[in-house]
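Here the structure comes first, spelled out in structure tokens, and everything after it is commentary.
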Amino acid sequence: MANSEAVATPGVLLTADGTPLKVSLQKSLRRSKLRAMLLVLPPLLFLVFLFVLPIGNMLLRSIDDSLVNQVLPTTFKEFKAWDKTTDPPESLYAAFYTDITRTLEEDKLLVGKAGVRMNYDKPGWRSLIKISARKFKKVEGPPYKEAMIEIDKRWGEKEWWLSLGAMKDERTLGYFLNAVDKKYDFDKNIISVDENRKVYNLLWYRTLLVSFIVTIACLVLAYPVSYLLATLPMRFSNLLMICVLMPFWTSLLVRIVAWMIMLQQQGVVNDTLVGLGILDTENRLAMMYNFNGTVIVMTQILLPFMILPIYSVMKTIPPSFMRAAQNLGATPTLAFLRVYMPQTIPGVGAGCILVFIVAIGYYITPELVGGKDGRLIGNMVAYHMQRTLNWGLAAAMGTILLAAILILYWAYDKIVGVDNMKMG
Amino acid sequence: MQTVIKQTLLASALAAASVAVQADVNVVSWGGAYTASQQKAYADTWEGGKVNFVNYNGGLGEIRTQVESGTVTWDVVDVLPSEARVGCDEGLFEELDRSIFAPAPDGTPMDDDLMVPLPNDCVVPQIWWSYVPFYEEGTFSGDQPTTIADFFDIEKFPGKRGIHTWPNALIEMALVADGVAIADVYDVMSTEEGIDRAFATLDKIKDHSVFWSSGSKPLELVKSGEVAMSLAYNGRIGAAVLSEGEKFVTVWDGQVLEEEWLVLVKGAPNREEALDFLVHATATEQQAGQARHINYGPMRVSAFAVIEEGEPWFHNGKNIMEHMPNRPAVMERSVVANPEWWADYGDSVSERYTAWMGQ
Amino acid sequence: MPNEKPLVRFVDIQKSYDGDTLVVKNLNLDVAKGEFLTMLGPSGSGKTTCLMMLAGFEPATHGEIYLNDQGINKVAPHKRGIGMVFQNYALFPHMTVAENLAFPLWVRKMSKSEQDERVNKALAMVELSAFGNRRPAQLSGGQQQRVAVARSLVFDPDLVLMDEPLGALDKNLREQMQYEIKHIHENLGLTVVYVTHDQSEALTMSNRIAVFDDGIIQQCAPPEVLYEEPDNAFVANFIGENNRLLGDVVEDAGDSVKVKIDDDSGVVHANKINVEGVGSRTTLSLRPERVTVDPEPGSVPNIFAAHAKELIYLGDHIRTRFTVCGHDDFIVKIPNSAAHAQLEEGATVNIGWNVEDCRALDPSD
């Protein structure tokens, strides 16, 4: 802009045919801009349909509670009027009866769906709603309280009515609370779930721990391998590269089974150790179907994700840097630490972030080799997606994972950026 | 350029059309020997069209995705008891006209020809299967395990135990092992104290447990000596004994029987053919026929009579009745799983079980 | 200026990478204190290998290298205290210019204030005082080059090695840097071992030039000697422009010979330098500027008829290609004076030269 104005001040520049230069320039650029737009369009659409929309949908589902509010609008209105200390009033029973019978006429399925949803908050709602829906037809007018208690004695217990309190709003943070072992009470106060049902915090912690250990283990293993890859003569490094990439070409399941054969208690490693007399047969190491198994197998599977970025950075570091550092008086160790390693930081950072992000969402490997204490949060997401159909909870956990990754990425950008400015 | 695009579109349209023509009915099941038995007993004997079997790992996630997005490609699905109920409640399955299904040879309508009441109008009968303990001959010297209590008794029968990574059947077994009468199991389970009691029994084997999550695993675990005893799907043990001559011994005590149903997905693309297939597959003759290939018990009671008369019924000339999980001889000491209870309390018990496993 | 006592001595050095071929064949070379010695040669001639052996990055297969009379074969590179400027400068990209310069001082555990002082002095020397906080990537090629030189000098080494340090610069900058490096060398009294394949660079800067070919030093001498009095055909050909005539010695007069040119087109009277007696093959070497066009008959012993094939006007002289004695690539540089202005392509003229200017050397081919 500044340039064109500067040009414009002594008098508008014109092209040969008299149009202003600026107009002419824009016209000539329009075609190429249009073409660029057309090229960008397919990936853009791809991105929108396969990333933006599903992720948006996931975010919405994680806070959406409209279904149950659509089924029980008057019930929730009456619920708000109830003082919660006395027994539920007849008006609440009547409202519930009206809501259910009305919904049954409009869309029978909504009742079933609402029951499944309500069951997440208090186990038993599903069958209670189902039984009631079937028998409400026979109820003859008010009073509804006695009739409903007749149908199922649970209607006489206050706790069922109180549990409605956690569902009474169209938007809820309940799924997020569930994902960290908390829940709403009837007044929407946040409380902890029972001690023996606390699952998720432990899994979050374990997921972070496993991802962290796997990342570090990958780094420790990958760094020397990458160095060899980058410095060996071509014919050796090609062979080594094939070895590194071999796991990529092998089916995930085959690799996992191979590890099972190696590491289980009657497996190759234990048999060898016992055979050599290093271990008693009673003290065979538990390296499979637990935390160790998950860490070992995930490290092997994710190793290439660490090696490749580090290798690609090391490949660009000429050997003359190490020579220069030694020539200037640094011992080989010091030269490596002060001159070589700092230059590999971008590769190390990229590798770590890649491995960590992949590890944090892993679930197939932990499912197969994790046994009792090697399963991760990803397994719970899959479980709620496929088994319980509690997609709200799955979405909430997915959202937390996504947030964790974004925070991590931001931190990486921040830290490595700062490092680049000060390193040395 | 445009010609290329047109040709590509045309080609993909033709490809899509030919797929639709090829597969008359898409039946989704669990794969392996089980799908093979369905293929032989139902699909090969059906003259109404071709059947295209698809494998899945259970759960309603995929079905819900198909129904909610309006792009249903599955017709018939083989489902577990909880899914049979939740899926029907959620409207993922079609409610079926019961009058089109064939009665038993003696005239009993199909819905009355079952061991349990029909849970809803979405489902039609398939098989019974069970979680049951087993070990390999020669594992224990002296007394052999004969009761479910023995499975939870590490002192009497030392060695590791293989158990699965979800709570179904384990809660029931733990309570029966702890002395709860089989008839009272679900009443006890419906109280917080009952669940506590079950977990207290599970605690006894926890430190000696290897957890499995895929059906082939327990056989490998027992065969390799990794565990002394394991729970497994009865069909897997039977197949190893009947077809591969393995020396596995099943402890027919305290097993937990589970239903398996067939359902029609709502909005199924080949609805008419699929209905015809379901009528064929649920007939007594086909139900009995399946037992020629696998030792899961037919859900229709009338099929049992056919099998018993036809012994040796298994395709390789062996007797099959003694491997049937729901044969009368073992029913007295079997828990018939209550899917209604599991549909209500399954999530909550699962959470507790997961927490218990990880602690 | 070169001192009597050598600072560096290569004694019987041999080097092989693969055990089959020698890259350096029996090298003996002394470098005097304060000398600027250039190793010049085509690529693959062994010059860079010699430099790497001196720096300690390649072990000698045989022989010993002495620095200040100390054998250094077993001394690790970081203990040799030799400064070095690398071909691509090898400035550490993650450090600022000042940090790069401070690095050798930091590893020598100098105090911070002394580090700063020396860094500032070094930066001032290469006129980059304002650039201490920049990163190498933010500097131009010439500036990076100066930083590399400054870094190699900042810890006061006696000896500085330079491995084609100007190769990446454009022509003007290269010439300017040649003078700068030369001045630094003179001002600081350094000993420099310089590797290049650019002969004009070598001629400009060096006290002595060691011409390498095929793992052997062909000749080691000051620039003017190398140009005026090459010992053999390779050096004659490699340094400066050169006309070659091949023939057989027919008469040996002690310090001069008569040589019959191969196609019987004449006999040349030449200076006997590096040739056996009568009957042996020889290469005659003659600089283009030592040939006279249209000489007075009798003024020079060698006069031949030449056919002008091509004239290129180059301002101060006209470069002319003649056919002489059957060779059609005989170059003569004719000074741009009125006397020779009439020469045209296709014309036939006489050319001639002195015995002293025509050197009879070894038969290279």
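Below, chains carry the letters A, B, ... as their sequence lines are ordered, and counting in each starts from 1.
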Measure from the side-chain N and O atoms of C:Thr61 to the backbone N and O of C:Ser16, and report whether any donor-acceptor pair falls under 3.5 Å.
yes

Could you tell me whether C:Glu114 and C:Arg118 have a side-chain N and a carboxylate O separated by less than 4.0 Å?
yes

Check for me whether C:Lys15 meets the cation-pi criterion with C:Tyr17, that is, NZ or CZ under 6.0 Å from the six-membered ring centre and within 45 degrees of the ring axis.
yes

Are C:Arg174 and C:Asp170 ion-paired here, with the side-chain N under 4.0 Å from a carboxylate O?
no

Side chains of residues 222-230 of chain A: which donor-acceptor pairs under 3.5 Å do they make with residues two or more places apart or in other chains?
from     : atom 1 : to       : atom 2 : distance (Å)
A:Tyr223 : OH     : A:Thr344 : OG1    : 2.7
A:Ser226 : OG     : A:Ala222 : O      : 2.7

Of the backbone (N, CA, C, O) and the side chain (C-beta and beyond), which part of C:Leu91 lies under 4.5 Å from a heavy atom of chain A, both, or neither?
backbone

Counting heavy-atom pairs under 4.5 Å with chain A, which one of C:Tyr89, C:Trp106, C:Phe155 comes out on top?
C:Trp106

Donor-acceptor pair, distance only, cut-off 3.5 Å: does the side chain of C:Lys182 make one with the backbone of C:Met205?
yes

Sequence-distant partners of A:Ala324, side chain to side chain contact (heavy atoms under 4.5 Å, CB included), two or more places apart:
C:Phe86, C:Ala90, C:Phe92, C:Arg151

Contact origin within C:Asp163 toward chain A - heavy atom pairs under 4.5 Å:
neither

Looking only at A:Pro332, A:Ala335, A:Pro318, A:Ala330, the option with the highest number of non-hydrogen pairs under 4.5 Å against chain C is A:Ala330

For C:Tyr194, what residues pass the ring pair (Phe, Tyr, Trp, His ring centres under 6.0 Å) criterion, not counting sequence neighbours?
C:Phe36

Side chain, backbone, both or neither of C:Phe57 within contact of chain A (heavy atoms, under 4.5 Å)
both

Which answer fits A:Ala325, side chain, backbone, both or neither, if we ask what part of it has an atom under 4.5 Å from a heavy atom of chain C?
both

Can you name the residues of residues 67-82 of chain C that have some heavy atom under 4.5 Å away from a heavy atom in chain A?
C:Pro77, C:His78, C:Ile82

Hey, are C:Glu64 and C:Arg9 close enough for a salt bridge, meaning a charged N less than 4.0 Å from a carboxylate O?
no

